[in-house]
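The structure appears below as structure tokens.
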Amino acid sequence: MSTASGRAAPTTSPVPLAEALAAGPVVLDGGLSNQLEAAGHDLGDGLWSARLLAERPEAVAEAHLAYYRAGARVAITSSYQATFEGFGARGVPRGRVAELLGLSVALARGAARRAESGGAAGPLWVAASAGPYGAMLADGSEYRGRYGLTVGELERFHRPRLEVLAAAGPDVLALETVPDADEAAALLRAVRGLGVPAWLSYSVAGDRTRAGQPLEEAFALAAGADEVIAVGVNCCAPEDVTPAVETAARVTGRPVVVYPNSGERWDARARAWRGRSTFAPERVTEWVRAGARLIGGCCRVGPATVAGIAETLRTA
């Protein structure tokens, strides 16, 4: 297998992630954007962290490495907001966009190799991120859904990017921060036949998707999808996790993936985080009891918290 740029695809982990999840909980990384910002990189751009794929790829690799060294065994690539359309609006040719998508996987894989050579416990896995349609719009609609597009239109948007990411050799495709069950249906159709397993993770508010659909109905979409190895939630309040995990496990019978935000609130007008973190590693035990098997953090959750998750799971 080779990437769209013609380079040999990065080698996948010798142990399938699905097999590891069946054996017990696995630690996922934290927020890539906050780790990049902590290193001094400005992400105030419509492409967000994806811009650094083209401008500072070494910074992306270092961010992945920080999480692996903290105890994460799965790193999510910087392709969340990397799309043909988003880069195309900046005049980037499709061929170059495909190269950048492939690079996102290679950077995470390279960081995994560096971590393992430095003594990190393996195996380590790479999850290729595919964010929702609203992430490309960069207008906040990724937290609302209901874009006015049909399931077929959303599938046609997602499929080309997923094809390139799959060809780059990740261990799993992360269909993440999905706000809308209709988009989930489109993504589940788009991953068929790619030969790479996937997880499906909704962004939720209470017991509903951001678009307002009951989680029981939303999770049920993945119950019959052979490609899906885990279902769950991310980019949500820590307080919303436990009931969502219980619902996902009951409806799908699959391992559950959870990576909530810190619990702080984003003030869009001030463009600043407000409040305090409510993400305590002690919550992890409760999530595991409810059915969580892939556990990490999203916005404002950094390596220190991921290290706490890893320690909690080691001593549980």
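Just so you know, these numbers use all the heavy atoms, side chains as well, and skip hydrogens, waters and symmetry mates.
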Can you check whether [Y]'s main-chain N or O pairs, donor with acceptor, with [X]'s side chain at less than 3.5 Å?
X	Y	result
S262	V301	no
E176	S201	no
D29	A75	no
D180	R146	yes
R56	H41	no

With E155, the salt bridge (Lys or Arg N to Asp or Glu O under 4.0 Å) member among R161, R189, R192: R189
Using a strict cut-off of less than 4.0 Å between a Lys/Arg side-chain nitrogen and an Asp/Glu carboxylate oxygen, indicate whether [X] and [Y] qualify as a salt bridge.
X	Y	result
R208	D240	no
R114	E62	yes
R283	E286	no
E311	R314	yes
E142	R210	no

Answer yes or no: is there a side-chain heavy-atom contact under 4.5 Å between [X] and [Y]?
X	Y	value
E216	T247	yes
I309	L28	no
V172	W199	yes
T83	F157	yes
P170	T77	no
F84	V164	yes
S277	R300	no
T209	L215	yes

Joint hydrophobic cluster, [X] plus [Y], side-chain heavy atoms closer than 4.5 Å:
X	Y	answer
Y143	V204	no
L165	V92	yes
V27	V245	yes
L100	L32	yes

What verdict does the side chain to side chain contact (heavy atoms under 4.5 Å, CB included) test give for E99 and L53, after you've listed the backbone C-alpha separation in whole Å, the side-chain angles of each residue and the deciding distance to 0.1 Å? CA-CA 10 Å; E99 289 179 355; L53 280 172; over 6 Å; no
Per side-chain contact (heavy atoms from CB on, under 4.5 Å), F219 is matched among V256, V233, L200 by V233
Of L137, T177, L175, the one forming a side-chain contact (heavy atoms from CB on, under 4.5 Å) with P132 is T177
Minimum-distance pair of heavy atoms, taken over all atoms of [X] and [Y]:
X	Y	answer
G263	T278	CA-OG1, 3.5 Å
A18	I229	CB-CG2, 3.8 Å
E227	G193	OE2-N, 3.9 Å
L173	A166	CD2-N, 4.3 Å
R293	L21	O-CD2, 3.4 Å
W287	P260	CH2-CG, 3.6 Å

T285 and T312: CA distance, side-chain angles, deciding distance, side chain to side chain contact (heavy atoms under 4.5 Å, CB included) verdict: CA-CA 7 Å; T285 304; T312 298; 3.7 Å; yes
Could you tell me if E153 and Y147 have a donor-acceptor pair between their side chains, going purely by distance under 3.5 Å? no
